[in-house]
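Residue numbers start from 1 in every chain, and the chains themselves are labelled A, B, ... in the order their sequence lines are given, proteins ahead of strands.
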2 protein chains.
Amino acid sequence: MRMADLSAGTGVPVPTIKYYLREGLLSPGRPLGRNQAEYGSAHVKRLKLVRALADYGGLSISAIRELVDHMEDPGTAKTELLSVAQKTVTTHDDERSGEHVRQAERLVADLLARRGWDDTAGHQAARTMVGVLASLLELGLDDILRALDDYADAAETAAGVDLRVLGDVTDRERAVEVVVIGTLLGDTLLAAMRRLAQAHLSVETYRTTG
Amino acid sequence: MRMADLSAGTGVPVPTIKYYLREGLLSPGRPLGRNQAEYGSAHVKRLKLVRALADYGGLSISAIRELVDHMEDPGTAKTELLSVAQKTVTTHDDERSGEHVRQAERLVADLLARRGWDDTAGHQAARTMVGVLASLLELGLDDILRALDDYADAAETAAGVDLRVLGDVTDRERAVEVVVIGTLLGDTLLAAMRRLAQAHLSVETYRTTG
DNA sequence: GCCTGTGGATAGCGGCACTCTCCACGATCC
DNA sequence: GGATCGTGGAGAGTGCCGCTATCCACAGGC
């Protein structure tokens with residue numbers, strides 16, 4: 001399999017494949033001569049992974065490189081992968097301050113305590129939560145904040161499914177894939193389904209209540 | 001309130017505020033003279049909204065402009081706003097094709113039918129779902145697809161909370177805000193909480209089972 | 001033997017979100 | 001009341017990112 005076939009099989013243009021090779025997102029093919037190399041099905045799959053993470057995971061090229069490096073490293077444990085995938089979300093290290101931020105920090109701490117998630121304090125996602133909640137507070141959207149626990153229920157349901165799916169996977173390499181892809185594409189998937197459910201429920205509500 | 005105060009009150013640099021004014025994300029202040037204008041609390045709030053949508057909603061400047069235009073237009077109905085906010089997600093109009101895509105389309109159609117969401121076929125989010133599922137199929141992650149209904153449960157829970165929160169809001173202008181911000185920041189919020197729940201459950205699981 | 005395609009490298013491009021510069025003028029502080 | 005700083009307004013410039021184009025010597029295949 002040469003580069004043209006790789007391109008045809010994935011829909012990724014040849015110059016882009018070359019770019020990915022340069023950036024280390026894709027390992028070089030097995031060289032056959034001075035300017036000829038052989039690619040296999042692993043390359044096809046990797047390319048599809050890269051595109052999926054870029055298109056639906058919203059990851060940058062450098063984030064994808066980091067991720068695939070970890071995926072290839074056999075020293076990365078299953079649990080560790082979870083945290084690596086989790087850290088590869090858009091990080092917000094702005095470190096704002098102010099009354100609202102302190103209030104948001106308290107809300108998050110309370111929520112974590114209430115749900116028994118206290119082992120996750122200091123987690124990157126907790127900091128993202130603080131940022132989002134601080135924005136909601138600044139914008140005066142207390143309505144949403146009052147429903148925080150209900151949203152946490154939904155998140156916990158999703159996480160429960162995540163873990164159950166992961167538990168069924170025994171093969172290490174596949175577990176790595178499931179964690180990374182499931183977490184990142186799962187965000188997009190859940191958001192899309194939330195919108196569909198919203199649309200459906202909203203139509204239903206306005207039909208029955210006028 | 002002049003520009004320096006506006007900048008101090010929001011943390012947004014003066015040149016950036018000028019840029020937002022040029023781009024129409026922020027309405028001009030009330031002019032006091034040839035080169036002096038008065039800004040009010042509405043400007044502060046709008047600026048915070050713009051930053052929240054950019055930072056946590058992941059929206060581009062042009063998408064934000066579109067959104068705030070609709071929010072200001074009193075002709076936009078509450079239900080209409082929902083769909084406007086929903087369309088302002090990253091659109092994927094690639095229109096791929098292939099066996100996996102057809103299979104994904106069937107999976108989505110089946111899911112919608114099973115849940116009674118058939119009124120949402122053709123929705124932008126449905127197309128996003130098709131894209132994500134096609135990627136999952138191409139990557140051979142059937143494990144995740146088998147749990148699709150369970151993820152849909154989580155999404156429906158979240159959407160139910162959305163609608164309940166929205167139902168409690170009577171003021172039109174606030175309803176608009178709740179829909180737009182709740183939908184877009186809500187995605188980030190849910191994703192963050194999902195990660196925290198994942199981390200907690202995973203720690204718990206590995207503690208009990210070894 | 002000739003045209004297309006290859007791997008490899010370097011340079012260029014278009015878009016985006018600012019950021020900088022300049023300007024004539026107003027506000028403010030000593 | 002004069003120096004200095006900030007203002008609204010507009011244009012041009014910047015840095016990064018994700019490609020895309022160009023060039024090269026050479027291989028493969030009709």
Nearest of C:dG7, C:dT19, D:dG8 to any side-chain atom of B:P13? C:dT19
Please report the distance, rounded to the nearest Å, between CD in A:E23 and C1' in C:dG8. 14 Å
If you find the nucleotide of DNA chain D closest to B:V14 and the one closest to B:R22, which residue's nucleotide is nearer the 5' end? B:V14
Hey, does B:S60 reach any base, or is it just sugar-phosphate, or nothing, if we go heavy atoms under 4.0 Å? sugar-phosphate
For a quick test of reading the model: is some side-chain N or O of A:T16 closer than 4.0 Å to OP1 or OP2 of D:dG18? no
Can you tell me how far C1' of C:dC16 sits from CD1 of B:I64, to the nearest Å? 12 Å
Rounded distance in Å - CG (B:L32) to P (D:dG6): 18 Å
What's the CG-P distance between A:N35 and D:dC26, to the nearest Å? 9 Å
Starting from P on C:dA17, measure out to CG on B:L59 and report it in whole angstrom. 10 Å
Atom-pair distance (CG on A:L21; P on D:dG18), nearest Å: 17 Å
Atom CE of B:M1 to atom P of D:dG6: distance rounded to whole Å? 17 Å
Counting side-chain heavy atoms from CB outward, which of C:dT6, D:dG9, C:dC18 is closest to B:I61? C:dC18
Judged by modelled atom types alone, do B:Y20 and B:R51 share a side-chain donor-acceptor pair under 3.5 Å? yes
State whether the number of non-hydrogen atoms from other residues, nucleotides or ligands found under 6.0 Å of B:E72 atom CD is greater than 12. yes
Validation row: B:L141, A:R174 side chains within 4.5 angstrom (heavy atoms): yes
Nearest-nucleotide check on DNA chain D, A:Q36 vs A:Y19; residue mapping nearer the 5' end is A:Y19
Is a side-chain donor or acceptor of A:E38 paired with a backbone partner of A:M1 at a separation under 3.5 angstrom? yes
Could you tell me how far apart A:I17 (CD1) and C:dT6 (P) are, to the nearest whole angstrom? 10 Å
Does A:S27 offer a backbone N or O that forms a donor-acceptor pair with the side chain of A:H43 under 3.5 Å? yes
With a non-hydrogen cut-off below 4.0 angstrom, is B:R2 in contact with a base, only sugar-phosphate, or nothing? sugar-phosphate
